[in-house]
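Each ligand, and each atom within it, is numbered from 1 in the order the structure gives. Note that the structure is predicted; figures quoted are calculated from it, not measured. All values below were derived from every heavy atom in this structure, side-chain atoms included, with hydrogens, water molecules and symmetry-related copies excluded.
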Amino acid sequence: GSPEMSQNVLNLEKAGILNKTKVSENGKKVRKNWAQSWTVLHGGVLTFHKDPKSTPAGASSKINHIVPESKVELKGATILKATKDKSSKKNVLELKSRSGAEFLIQYDTESIINDWHKVIVDTIRQLDSD
Ligand code: I3S
């Protein structure tokens, strides 16, 4: 892609608290484990970090906040509004990576989920055009 396009994807950045669970890995279903995560979009990659409030203070927990719990490359990924059968929660998005990992992300405030939806869609589009 052009340098301009690479530049644009770097401008698509966002961070905030969301609820998330992995639902499959390598195309294989895994048990849901909903947890609040500090979610960061940077350079076309979405990372989930443990909520600092959910872990006790100390040296090892500080490292836990820097090293992400999980990571989704948005190039080749898909995101859509989850259908009712995926979760009983409201405002749920379904994110599938090209490598076969699948996450649900959710937040009770609809506008917050809509903002994440938009920025992730824009990032995926930008990466696909490279
Ligand atoms: O899609 P599921 O399996 O009904 O998801 C629910 C379960 O994972 C449940 O945990 P256990 O059945 O492992 O105890 C969770 O507590 C629920 O939150 C899950 O459903 P929602 O509808 O909240 O995504």
For ligand 1, which atoms, with element, lie under 4.0 Å from some heavy atom of Lys89? 18 (O), 23 (O)
Would you verify whether the NZ or CZ of Lys20 falls within 45 degrees of the ring axis of Trp34 while also being under 6.0 Å from that six-membered ring's centre? no
For residues Lys90 and Asp108, report the shortest heavy-atom separation together with the two atoms involved. CE-O, 3.5 Å
At what distance is the nearest protein heavy atom to atom 15 (C) of ligand 1, and which residue and atom is it? Trp34 CD1, 4.8 Å
Heavy-atom nearest neighbour in the protein, as seen from atom 14 (O) of ligand 1, with distance rounded to 0.1 Å: Arg31 NH2, 3.6 Å
Correct closest heavy-atom pair for Glu94 and Lys86 would be OE2-NZ, 3.4 Å
Protein heavy atoms: any of them under 4.0 Å from atom 24 (O) of ligand 1? yes
Which of the numbered atoms in ligand 1 are below 4.0 angstrom from a heavy atom of Ser88? 21 (P), 22 (O), 23 (O)
I'd like to check which ligand 1 atoms, numbered from 1 as shown, lie under 4.0 Å from a non-hydrogen atom of Ser87. 21 (P), 22 (O), 24 (O)
Check: Ser99/Ser97 side-chain N/O donor and acceptor closer than 3.5 Å: yes
Distance-minimising heavy-atom pair for Val119 and Lys14: CG1-CD, 3.6 Å
Is there a path of hydrophobic side-chain contacts, each under 4.5 Å between heavy atoms of I, L, V, M, F, W or Y residues, that connects Val45 with Ile105? no
Shortest protein heavy-atom distance from atom 6 (C) of ligand 1, along with the residue and atom involved: Lys32 CD, 4.1 Å
Per-atom contact, atom 3 (O) of ligand 1, protein heavy atoms, under 4.0 angstrom: no
Ignoring angles and geometry beyond distance, decide whether Lys86 reaches within less than 3.5 Å of ligand 1 through its nitrogen or oxygen atoms. no
Smallest separation among heavy atoms of Thr123 and Gly44, with atom names: CG2-CA, 3.8 Å
